[in-house]
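Input: a single structure, listed below in structure tokens.
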Amino acid sequence: MNQMSKKTVLSKIIGKKHHLFSSPFLSLPSRLLVFQMHYDVATCNFLLQSYANHKNLPEGKQLHSVMITSGFMHLPSSITSLINMYSKCNQMEQAVLVFHDPYHERNVFAYNAIIAGFVANRLPANGFQFYKRMRAVGVMPDKFTFPCVVRACCEFMEVRKIHGCLFKLGLELDMFVSSALVNTYLKFDLMENAKKVFEELPVRDVVLWNAMINGYAQIGHLNKAVVVFKKMGEEGISPCRFTITGILSIFSLMGDVNNGRAIHGIVTKMGYSSCVAVSNALIDMYGKCKHIEDALVIFEMINEKDLFSWNSIISAHEQCVDHDGTLRFFDKMLASRVLPDVITITAVLPACSYFAALMHGREIHGYMTVNGLGKNEDGDDVLLNNAVMDMYAKCGCLKNAHRVFDRTSNKDVASWNIMIMGYAMHGYGQEALDMFHHMREAQIKPDAITFVGVLSACSHAGFLRQGRSFLARMELEFGVVPTIEHYTCIIDMLGRAGHLGEAYELAERIPLQDNLVLWMALLGACRLHGNADLGKVVGEKIMRLEPKHCGSGSYVLMSSMYGVVGRYEEALQVRRMMKEQNVKKTPGCSWIELKDGLYVFSMGDRTHPELNALIHCLCGIGYLHDEVMNSA
DNA sequence: TTAGGGTTAG
């Protein structure tokens, strides 16, 4: 009988007995009697393994007490299985208590199990301490010890010492030890050491190839990672699921949909389609390559969607700038009772910011606070808190944004930029500049984005003198070279204030003039102040730019500018040009946030399944007039 | 009785 079938038979027998042993209808002494009649050490160990795999701590603990009563604790195998059970249930304190059991001498099995436990529970330093103790008391490590000990190394010198030991013990060619070694060297960014271990092995299995592929990807050498992947195929090693997820993440980073699709072909051919992690990696790849339709097909085919599946499809929508899709899938996720995590929230918050969906954003912030998601091992999760701040700021809720800002202990330059930009975009120029001064007091070095915020604050508030001064000082005093974004802010500022001549002169003077946004800002100012002559010159400049840069916005702005000053013939001429060039006006898009979600509409869009009901509802609460309802 | 890989954001 082979190992597998032995295990199957054993589990069937134990299943029946176990039912009796766990029966709530029997008193403890009776259960103990059943146990003593039918159970031996092998059965206990088998059960403990099963409890460990299912993280069934209560039954594991119960079995532990029965084992003590039955006198099984002097057996080394019981100790090892118990340590393993407690480790897998994340109870390292209990595991250590078992390890120190006074009636038992600690052998290599017990040491291996406790070191593995600490490594799996992300406490490598504790694991390494047990290895040192093991050597101190003279217990010889074996080929099972080293894969864990290598992973337990927290410093380069420790790995080097262990690596030396492997040669002394003749374990330098063991594939389990070597793959741990390769991964640990990569953890310390020591690609050359990892490569040496890999190349000196006479036989390499798929795990080792995976380690090298992921290692190159980790240090940003994506092309080299692809070369290693190809070489692996040439050497006749078939990719496993882990290889597939790794290489898919590489092609997604490269935005290489063709090779990604080729991997999709391998997935189908090798029958990996049913593996959720593989499907999730495919969704991510198609999402990052902006092929949302393919991502959706994969997503719909997953039977048991996990957190990764939802996060991948939500992020895919966000990457394809489909904010509506992002929120739709987030709602679907909640309806499927899958709880969001930090990654879900960071993907969803920008969509809330885009739609100024304050209700949605506030709910997410509440969920985050209740579940302690704003914190990580470094204290406050500054990136997540920045996303919340940005959401509140973009929704115009500056008080809440400021509250989150104040509560974030480890603010970075982005935190300050979000607040400066938030105040600037809502017309609080003075508050934005005050934030900038506080930022300097806090000795945070401003960057290019800070000055976009500061200059746009000056522009919106009409602080001409200060705006000019900031532009002059930003390079000299702060070492930030003005870019086209900064000049656009200044031109916008001068234009809004009616200093059209100065704005035009500046636009002419600066390098990289072929920037549409810059000239559009000036065109907008010409329209605002009814200066169609200068507007015409600016308009012609825009038209001379590459036609692909010239969207419908500039044509519409120009025709409207001529309209404002009564030059209708020229306005019509622009409209005719639009027709000739086949430029279509992008339809207007609007949205409304109601209690049950966000509704997005574009002009003439009648595709919403509950359009009529929604219009009735909107009329009822005074959002729409009856004529609209009648036209629906 | 004990051991080595994976996917999602910024």
Under-4.0 Å side-chain N/O to phosphate OP1/OP2 contact, [X] with [N]:
X: Q319(A); N: dT8(B); answer: no
X: K143(A); N: dG4(B); answer: no
X: R204(A); N: dG5(B); answer: no

In whole Å, what is the span from the [atom1] atom of [X] to the [atom2] atom of [N]?
X: L48(A); N: dT2(B); atom1: CG; atom2: C1'; answer: 14 Å
X: L166(A); N: dA3(B); atom1: CG; atom2: P; answer: 18 Å
X: N410(A); N: dG10(B); atom1: CG; atom2: P; answer: 19 Å
X: L63(A); N: dT1(B); atom1: CG; atom2: P; answer: 14 Å
X: M67(A); N: dT1(B); atom1: CE; atom2: C1'; answer: 10 Å
X: L47(A); N: dT1(B); atom1: CG; atom2: C1'; answer: 14 Å
X: I302(A); N: dT8(B); atom1: CD1; atom2: C1'; answer: 12 Å
X: R151(A); N: dG4(B); atom1: CZ; atom2: P; answer: 5 Å

Touch check for [X], heavy atoms < 4.0 angstrom, all strands: base, sugar-phosphate only, or nothing?
X: M175(A); value: base
X: D205(A); value: base
X: A277(A); value: base
X: V278(A); value: base
X: N385(A); value: nothing
X: N280(A); value: base

Stacking check F109(A) vs dT2(B) (5.5 Å / 30 deg):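 By the stated criterion, F109(A) and dT2(B) do not stack.
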Aro-ring/base stack F242(A)-dG5(B), d under 5.5 Å, angle under 30°: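 Here the ring of F242(A) and the base of dG5(B) are stacked, with centres under 5.5 Å and planes under 30°.
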Ring centres under 6.0 angstrom apart (W209(A), F198(A)):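 Ring centroids of W209(A) and F198(A) are less than 6.0 Å from each other.
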Pair F99(A) and Y111(A), ring centroids less than 6.0 Å apart: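 Yes.
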How close do [X] and [Y] get, counting heavy atoms only, and between which atoms?
X: P340(A); Y: Y367(A); value: O-OH, 3.3 Å
X: M212(A); Y: V228(A); value: CB-CG1, 4.2 Å
X: S315(A); Y: A347(A); value: OG-CB, 3.9 Å

Nearest listed nucleotide, side chain of [X], among [options]:
X: A281(A); options: dA3(B), dT8(B), dT7(B); result: dT7(B)
X: N84(A); options: dA9(B), dG4(B), dT2(B); result: dT2(B)
X: T80(A); options: dG10(B), dG4(B), dT2(B); result: dT2(B)
X: S315(A); options: dG4(B), dA9(B), dT2(B); result: dA9(B)
X: S249(A); options: dG10(B), dT8(B), dT2(B); result: dT8(B)
X: S81(A); options: dG6(B), dG4(B), dT1(B); result: dT1(B)
X: N210(A); options: dT1(B), dG5(B), dT2(B); result: dG5(B)

Anti versus syn assignment for dG4(B), with syn defined as within 90° of 0: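 Anti, angle beyond 90° from zero.
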Expected output: side-chain E59(A) to main-chain Y51(A) donor-acceptor under 3.5 Å: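 Pair absent, no side-chain N/O of E59(A) close to backbone of Y51(A).
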Check ion pair D294(A)-R261(A) (N to O, under 4.0 angstrom):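 Yes.
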